[in-house]
2 protein chains.
Amino acid sequence: MQDGGTTGGGENLLFLTDEQLRKGIEAMFFAYRGFTADPDRILAEHGYGRAHHRALHFINRVPGTTVSNLLDILGVTKQSLNRVLRTLVEDGLVDSRVGARDRRERQLTLTEPGRVLERALSEAQRARMRAAYRAAGPQAVAGFRQVLEAMMDEGQRRAFSGLREGG
Amino acid sequence: MQDGGTTGGGENLLFLTDEQLRKGIEAMFFAYRGFTADPDRILAEHGYGRAHHRALHFINRVPGTTVSNLLDILGVTKQSLNRVLRTLVEDGLVDSRVGARDRRERQLTLTEPGRVLERALSEAQRARMRAAYRAAGPQAVAGFRQVLEAMMDEGQRRAFSGLREGG
DNA sequence: CTTGGAAAGTCAACAAGGCTGCCATAAAAT
DNA sequence: ATTTTATGGCAGCCTTGTTGACTTTCCAAG
């Protein structure tokens, strides 16, 4: 059992006060800005936005994935994704080919230039994350991950965990 | 480079592998969606967006704050904020009055209807956060906060910490 | 007092990326 | 063969980010 305080037989629930929750909320807000700041700079140089980053990231993670699958993961609508995918394909960063089994589907993979940009973006983001992890230490990181997972919606958690098996 | 193993007298650095960092990055992405999902639903009922939520939140936190101060906290441009503020003032949720000392400034406060909506939004968000905190436990929460603070930009961290003293 | 610069805030115009809704094509079911 | 269902593309709208020009106010130098 996680305890925390040293009250008689009960847990110390000070970490659940509205004040503590508010601090957590604001920390989440400010941290997310830091989290996206470095990739955003690189993207801006290429005339892309965060939506492009997300597409590149998950196509890299699940090569050969379909538009539908990507829609499920990203939780946006078709047009939002489609606009982004179209520019990435036009610019030669993503390869879109008609599905092997089902010809309605498109199978998406990164081209070599696509991989290059993806690596630049993810390395920038990892550097920030690595610095934060190192500063906070392994135990803090474990807690960080626990809270984040508990904060997800059910469907999101499944998308998150399900990312192990390829598309 | 990435070590991980249990080398001689060194710490265990497995939590700094690219794989662990990637999981943290994806967890951050999915968790942030959960984090905003509940307020988003309430906002949509009122025809507002996240930008309105942020404005209401920080005006509530720092009553009498100015537009400039809010710009510093939120890190957006004047027009982005101004558009949102204008609708909130028109709708009677925010009171904007000429500054007492400096008449160029506007002092912003929530009206009673503004406070009602702010409470609804923040209670929805706190409920999610409370559930996550409870599920993860106090030690995890401490780690969560440490990693988030380490992830912020310097300026953001100052805005975050500086929110103690009023505007 | 006047003038000139800096600061606060408003607004116009544009771009990115959310959204819904409609359509074409391919597959599956009847 | 025909109807239904699924994938994905496209048109058009809205929020919210951007830059840049403008007004009002303050303050400091002359």
Side-chain angles (χ1 to χ4, degrees), chain A residues 29 32-33 36-37 39-59 64-91 94-108 167, chain B residues 29 32-33 36-37 39-59 64-91 94-108 167:
Chain A
F29 169 67
Y32 199 79
R33 285 232 304 264
T36 55
D40 280 357
R41 269 187 287 274
I42 297 173
L43 289 160
E45 290 168 15
H46 294 253
Y48 293 137
R50 268 179 219 176
H52 299 87
H53 183 187
R54 294 194 281 265
L56 290 171
H57 177 96
F58 286 108
I59 293 173
T65 188
T66 62
V67 175
S68 279
N69 187 26
L70 223 42
L71 287 176
D72 287 345
I73 295 173
L74 295 174
V76 297
T77 55
K78 284 191 288 185
Q79 173 64 332
S80 272
L81 177 57
N82 191 51
R83 215 171 1 208
V84 163
L85 280 181
R86 195 185 334 138
T87 70
L88 291 174
V89 169
E90 282 170 3
D91 296 352
V94 167
D95 182 71
S96 165
R97 62 184 54 180
V98 170
R101 297 180 305 277
D102 188 333
R103 292 174 49 217
R104 291 171 302 182
E105 297 182 340
R106 302 287 174 276
Q107 295 190 323
L108 305 168
Chain B
F29 170 67
Y32 199 79
R33 285 233 304 265
T36 54
D40 280 357
R41 268 187 287 274
I42 298 174
L43 289 160
E45 290 167 13
H46 294 252
Y48 293 138
R50 267 181 218 177
H52 299 86
H53 184 187
R54 295 195 281 266
L56 290 171
H57 177 96
F58 287 108
I59 294 172
T65 189
T66 64
V67 174
S68 278
N69 186 26
L70 223 41
L71 287 176
D72 288 344
I73 295 173
L74 295 174
V76 297
T77 54
K78 285 194 283 187
Q79 174 66 328
S80 266
L81 176 57
N82 191 52
R83 212 170 4 207
V84 162
L85 280 181
R86 193 185 335 136
T87 69
L88 291 174
V89 169
E90 281 170 4
D91 296 352
V94 167
D95 183 71
S96 165
R97 62 185 54 182
V98 170
R101 297 179 304 276
D102 188 335
R103 291 175 51 216
R104 290 172 302 181
E105 296 181 340
R106 303 285 175 275
Q107 295 190 323
L108 305 167

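So that the names make sense, note that chain A is the first sequence line, chain B the second, and so on, each numbered from 1.
Annotation for B:Asp102 and B:Arg104: closest pair OD2-NH2, 2.7 Å, computed over non-hydrogen atoms. Nearest heavy-atom pair across B:Arg106 and B:Arg103 is NH1-O, 3.4 Å.
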Check residues 73-89 of chain B and write down every donor-acceptor pair under 3.5 Å in which the side-chain atom is one partner and the other belongs to a residue at least two apart or another chain.
| residue | atom | partner | partner atom | Å |
| --- | --- | --- | --- | --- |
| B:Thr87 | OG1 | B:His52 | NE2 | 3.2 |
| B:Thr87 | OG1 | B:Val84 | O | 2.9 |

Any N/O pairs under 3.5 Å between the protein and nucleotides 26-29 of chain D? List them or say none.
| residue | atom | partner | partner atom | Å |
| --- | --- | --- | --- | --- |
| D:dC26 | OP1 | B:Arg103 | N | 3.0 |

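The shortest side-chain heavy-atom distance between A:His57 and B:Phe29 does not fall under the 4.5 Å cut-off.
Every side chain to side chain contact (heavy atoms under 4.5 Å, CB included) that A:Ser68 has, sequence neighbours left out, goes to A:Thr66. Scored by the side chain to side chain contact (heavy atoms under 4.5 Å, CB included) test, B:Arg97 finds B:Asp95, B:Gln107 as partners (sequence neighbours excluded). Shown here are the ring-ring contact (aromatic ring centres under 6.0 Å, His included) partners of A:Tyr32, two or more places apart in sequence or in another chain: A:Phe35, B:Tyr32.
Closest approach to the A:Glu105 side chain among C:dT10, D:dG9, D:dT7 is made by D:dT7 (side chain taken as heavy atoms from C-beta onward).
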Full working for side-chain contact (heavy atoms from CB on, under 4.5 Å) between B:Asp91 and B:Tyr48: CA-CA 11 Å; B:Asp91 296 352; B:Tyr48 293 138; 2.4 Å; yes
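One finds a side-chain N or O of B:Ser68 lying less than 4.0 angstrom from the OP1 or OP2 phosphate oxygen of C:dG9.
As rounded to whole Å, 13 Å separates atom P of C:dA7 from atom CG of B:Asp72. If you take CZ of A:Arg106 and C1' of D:dG9, they are 9 Å apart, rounded to a whole angstrom. Distance, A:Arg97 CZ to C:dA26 C1': 20 Å, rounded to whole Å.
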Base, backbone or nothing for each nucleotide of nucleotides 11-24 of chain C, written B, S, -, heavy atoms under 4.0 angstrom, 5' to 3'? BBB---BBBB----
